[in-house]
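Okay, structure first, notes after.
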Amino acid sequence: MRRLRRAAELYAAQAAAGLRPGIVCNGGGTTHKPKWVDANGYAVPEAALMGKQLEAMGVRAEDIYVEGYSDDTIGNAFFARVMHIDVRPDWSRLRIITSEFQMKRTQAIYDWVFKGLQPLPAQGREVTYDAVDDVGAMPAHALRRRRDKEEASLRAFVSGALVKLTRPSQLHDLL
C-alpha cells in the first residue's frame, strides 16, 4: 500500500500538470507465498490487485498497465521491459517505486535489465528510483531480517552468473 500511495501521489501531480502518466503494476505473486485467489479459488495476480487499488485512489484505469507473470524482481524487470517499455518508445522517463529495504537490490536488477541487456530500449530513456520509507512497515525484528536477506540477495546477484547474460533472449530462456 505504501508503494501504491506513492505511485498515486506522483500520478495525481503529473495529471494536474496536464500529463498522462502510465503506471505499470507488475507481479504475479511471490515465490515463497501462496497466490491470491478469488472467491472461486482462481489465482489473481498481485498486479491486478494493485491496479484495482490504484483505481480506487483516483488513477484512471486506462493509465494502468498490468504484468502478472513475474514472481520475483528479476521477472518484474524483464516483463516490464519486454511487455511495456520496449513497445512504448514514447515512455522516456521511468520511475521504479519500491521499499527502502530492497532498493539496492531492485536498482541493481533494473539497471542490468534496462541498461545492460542488449539491445537497449529506445535511446534517451531515463530510469530513476523512488524508495518508500520503511518506518512502520513491519516489526523492527522482521525489518532487520528482511534487510539482511536483501543484502545477501544483492551480493549473490552481483557476483552470480546471471549478470553475465547480455541479451534479453538469454534471460527469456532462463525465466
Side-chain angles (χ1 to χ4, degrees), residues 1-11 22-37 43-51 53-54 57 64-86 93-118 120-121 125-168 170-175:
M1 287 303 296
R2 295 154 139 352
R3 299 175 201 174
L4 294 176
R5 282 191 290 270
R6 179 66 178 145
E9 172 186 297
L10 292 168
Y11 174 89
I23 297 177
V24 176
C25 299
N26 63 351
T30 303
T31 55
H32 60 276
K33 292 180 183 176
K35 301 275 188 196
W36 292 93
V37 295
V44 179
E46 287 181 3
L49 299 171
M50 288 185 260
Q53 189 61 49
L54 285 168
M57 294 176 173
I64 299 171
Y65 299 83
V66 175
E67 175 282 301
Y69 297 108
S70 59
D71 288 332
D72 58 29
T73 307
I74 293 168
N76 292 160
F78 175 78
F79 286 115
R81 177 177 166 181
V82 301
M83 287 178 65
H84 299 290
I85 307 309
D86 283 353
R93 293 179 19 213
L94 313 169
R95 183 182 306 221
I96 312 302
I97 300 171
T98 196
S99 300
E100 185 177 42
F101 66 82
Q102 64 186 23
M103 180 53 77
K104 288 179 185 176
R105 183 179 59 84
T106 297
Q107 186 169 353
I109 291 169
Y110 274 80
D111 280 353
W112 170 62
V113 168
F114 281 89
K115 300 174 185 177
L117 296 180
Q118 304 292 322
L120 295 176
R125 286 279 160 78
E126 175 189 338
V127 181
T128 60
Y129 299 88
D130 195 335
V132 177
D133 194 324
D134 292 335
V135 175
M138 60 187 81
H141 69 282
L143 183 57
R144 278 192 303 276
R145 281 197 310 265
R146 187 61 195 261
R147 285 179 178 153
D148 291 344
K149 180 180 182 265
E150 288 293 328
E151 287 177 21
S153 293
L154 174 60
R155 284 192 304 274
F157 173 73
V158 298
S159 66
L162 193 62
V163 294
K164 292 177 178 55
L165 301 180
T166 59
R167 305 202 53 82
Q170 294 170 312
L171 183 53
H172 176 267
D173 292 345
L174 180 75
L175 292 173

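Since the structure is predicted, the reported quantities are computational estimates derived from the model, not experimental observations.
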- To the nearest 0.5 Å, tell me how far M83 CE sits from N26 CG. 9.5 Å
- Query: If we ignore angles and hydrogens, is there a donor and acceptor under 3.5 Å between the side chains of R93 and T128?
  - Reply: no
- Message: I need the K149 NZ to F101 CZ distance, nearest 0.5 Å.
- Response: 9.0 Å
- Return yes when atom OH of Y65 has more than 12 non-hydrogen atoms of other residues, nucleotides or ligands closer than 6.0 Å, and no otherwise. yes
- Item | Test side chain to side chain contact (heavy atoms under 4.5 Å, CB included) applied to I74 and L174, step by step | CA-CA 11 Å; I74 293 168; L174 180 75; over 6 Å; no
- Message: Working note: V132 + R5, criterion side chain to side chain contact (heavy atoms under 4.5 Å, CB included); need CA distance, chi angles, decisive distance, verdict.
- Response: CA-CA 10 Å; V132 177; R5 282 191 290 270; over 6 Å; no
- Item | Spacing of Q102 atom CD and L154 atom CG [to the nearest 0.5 Å] | 11.5 Å
- Query: Are M57 and Y11 close enough, and set up right, to give a side chain to side chain contact (heavy atoms under 4.5 Å, CB included), and what steps lead you there?
  - Reply: CA-CA 10 Å; M57 294 176 173; Y11 174 89; over 6 Å; no
- Item | Smallest separation among heavy atoms of A131 and E100, with atom names | CB-CA, 3.9 Å
- Query: Checking R105 side chain against T73 main chain: does a donor-acceptor pair fall under 3.5 Å?
  - Reply: no
- Task: Kindly indicate, with the supporting measurements, whether the criterion side chain to side chain contact (heavy atoms under 4.5 Å, CB included) is fulfilled by V127 and Q107.
- Result: CA-CA 10 Å; V127 181; Q107 186 169 353; over 6 Å; no
- Could you tell me whether D134 and R147 make a salt bridge, using a distance below 4.0 angstrom between a side-chain N and a carboxylate O? yes
- Message: Is any side-chain heavy atom of M1 closer than 4.5 Å to one of Q53?
- Response: yes
- Mind telling me whether W112 and F157 have parallel, tilted or perpendicular rings, with 30° and 60° as the class edges? perpendicular
- In terms of side-chain geometry, is the basic nitrogen of D173 or R167 positioned less than 4.0 Å from the acidic oxygen of its partner? no
- Got a sec, which residues hit side chain to side chain donor-acceptor pair (under 3.5 Å) with E9, two or more places apart in sequence or on another chain? R6
